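First the structure, in the form of structure tokens, and then the observations on it.
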Protein chains: 2
Amino acid sequence: MVTPRERARERTMAEIRALAWKQVEELGAPALSLRAIARDLGVVSSAIYRYVASRDDLLTALLVEGFSDLAEAADAAEAAVPADAYRERWLAICRAMRAWALERPAAWGLLYGGPVPGYFAPQQETSPPGTRVLLRLAAAILEAKAAGRLEPKVGPAAGISQVSPQQRLALEAISADRGVPVDAELVALGILGWTAVLGVISSEVFEQLGPDGAPAVALLADIQFESIADAVGF
Amino acid sequence: MVTPRERARERTMAEIRALAWKQVEELGAPALSLRAIARDLGVVSSAIYRYVASRDDLLTALLVEGFSDLAEAADAAEAAVPADAYRERWLAICRAMRAWALERPAAWGLLYGGPVPGYFAPQQETSPPGTRVLLRLAAAILEAKAAGRLEPKVGPAAGISQVSPQQRLALEAISADRGVPVDAELVALGILGWTAVLGVISSEVFEQLGPDGAPAVALLADIQFESIADAVGF
DNA sequence: CACAACTGTGAGCAGTGCTCTTGCGGACGG
DNA sequence: CCGTCCGCAAGAGCACTGCTCACAGTTGTG
């Protein structure tokens, strides 16, 4: 039983989220203003607090929504690739992440940029959607490994350097927490890939390569993903 | 001829910058408040504007100072390593960057995190100090290559994938702009290393790996630098 | 129908960046 | 040595922010 009131409330909530995204994408995450949303909504400023407890509360909601949206884009891209084309699955996710980030740079900044001042994300809420993409990438690596189709080119997994015993213990404990027991070398490899991908995308989105560095990163993005895939061993 | 007045002014300026850094490191970059600085300085709020034109102006000054400080830390670390130990030079810079970032997380966020809302860095001012570290890393690669001591393990430079003709043209134009003509494969490799290093450090500093992901990244940071060095071909 | 829950109003507090006018005091030229 | 002038600080003020609270109106329900 859904009353008209509930329907109206839900519509208002959706409108608030939409306006909030608009603000974030136009002016950046910390410029998010509840009063401005109220104005756009044609309502007095204090009325907003009937719908959202605080600015941080709204920010958390956006964060969760953003992570979920990104994860769904990645999932969709991955689903379009045969399950046994491990490298292509991994690359498809990377490319989907990049496309999403370029389409919504401020949203990417909200998710993976520096922390918003004074705001600390409640990890119990943001963590599940926030790790979805990472887990998909990890799954591609694990499945490739299980199928004997992974030949890492760098790091300990390639036999170049070594994971110390303490590191091994700590890493295996962490992956066991996640429910998927894997060996330390693979965890190291997965995290290397993840951080490298984040670095590639963030460098492009945040324009961290000096004046005319941006076009270079743009040109190279796909080559970089391929290179990381090489390194991981696909 | 330096008047006492100028000395006093310079002292006040330095104090303002110090207080500003303190605020940035305690509360984050966008929480930087000129009024708060004035309070700490024991002066009325408007007096600050005798020293700094605007909040953005101060932010730019901090940005330049931060980049320079980081670059000097990196230079010092590199100088402690023999010039022909290319891999170690490159690793020393990476480790210095990470140490600096962990020591001053908010400062790292200011330099390499998402852009501060509403603030657009004047690239002509921030770019020269901002690219110093990148150029040092690039120099290590170039010199290693010249000495015949570089064997890339991934990407086009390893012959795995290819740089398209248009990409080659664009990349060589860009590196020519910088004054150092190098071939496209090396540029791709250098940028790959740079973005990967940024990704590793930012992931750790910004805690982007979920709840207990941070310790894993911390444990792995050095292994990741080694792996990236492997990939680049040191 | 009456009561209760929900929604919107407007005033108000404390904080922000930034501008403007006013006045003080040290530095400098005659 | 004195008067002028300029650098500095003060304080009021504008427009904005998040957030709270007492109040009024509307709507749903026992």
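Computed from a predicted model, the values in this text were never measured in an experiment. Residue numbers start from 1 in every chain, and the chains themselves are labelled A, B, ... in the order their sequence lines are given, proteins ahead of strands.
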Checklist entry - Of the nucleotides dC19(D), dT16(C), dA9(D), which has the atom closest to the Arg35(A) side chain? => result dC19(D)
Checklist entry - Do Arg50(A) and dG8(C) have a side chain to base donor-acceptor pair shorter than 3.5 Å? => result yes
Item to check | Separation of atom CE in Met13(A) from atom P in dT7(C), rounded to whole Å | outcome: 9 Å
Checklist entry - Short question: side chain of Thr131(B), backbone of Pro128(B) - any donor-acceptor pair under 3.5 Å? => result yes
Checklist entry - Counting only distance, no hydrogens or angles, is the base of dG10(C) paired donor-acceptor with the side chain of Ser46(A) under 3.5 Å? => result yes
Next on the checklist: Just N and O in the side chain of Arg39(A): are any of them under 4.0 Å from OP1 or OP2 of dT17(D)?
Outcome noted: yes
Checklist entry - Do the side chain of Glu25(B) and the main chain of Arg104(B) share a donor and acceptor less than 3.5 angstrom apart? => result no
Next on the checklist: For dT7(C) and Arg9(A) - does any side-chain N or O of the residue sit under 4.0 Å from the phosphate oxygens OP1/OP2?
Outcome noted: yes
Checklist entry - Between dT16(C) atom C1' and Asp40(B) atom CG, what is the distance in whole Å? => result 15 Å
Checklist entry - Separation of Ile37(A) atom CD1 from dT17(D) atom C1', in whole Å? => result 13 Å
Item to check | Nucleotide nearest Arg55(A) (side chain, heavy atoms from C-beta), chosen from dC19(D), dC18(C), dG8(C) | outcome: dC19(D)
Checklist entry - Looking at Tyr49(B), does any N or O in its side chain come under 4.0 Å of the phosphate oxygens OP1/OP2 on dA9(D)? => result no
Checklist entry - Contact class for Val43(B) (heavy atom, under 4.0 Å): base, sugar-phosphate, or nothing? => result sugar-phosphate
Checklist outcome for this item: Taken to the nearest whole Å, CD1/Ile48(A) to P/dC6(C) is 18 Å
Checklist entry - To the nearest Å, how far apart are Arg7(A) CZ and dC6(C) P? => result 19 Å
Checklist entry - Between Gln224(B) and Val200(B), is there a donor-acceptor pair closer than 3.5 Å when you use the side chain of the first and the backbone of the second? => result no
Item to check | ring pair (Phe, Tyr, Trp, His ring centres under 6.0 Å) between Tyr112(A) and Phe67(A), worked out | outcome: CA-CA 10 Å; Tyr112(A) 295 108; Phe67(A) 274 127; 5.6 Å; yes
Item to check | Criterion side chain to side chain contact (heavy atoms under 4.5 Å, CB included) on Leu62(A) and Leu32(A), from CA distance to verdict | outcome: CA-CA 11 Å; Leu62(A) 293 187; Leu32(A) 179 64; 4.2 Å; yes
Next on the checklist: Which is more 5' along DNA chain C, the nucleotide nearest Tyr51(A) or the one nearest Leu32(B)? Just name the residue.
Outcome noted: Tyr51(A)
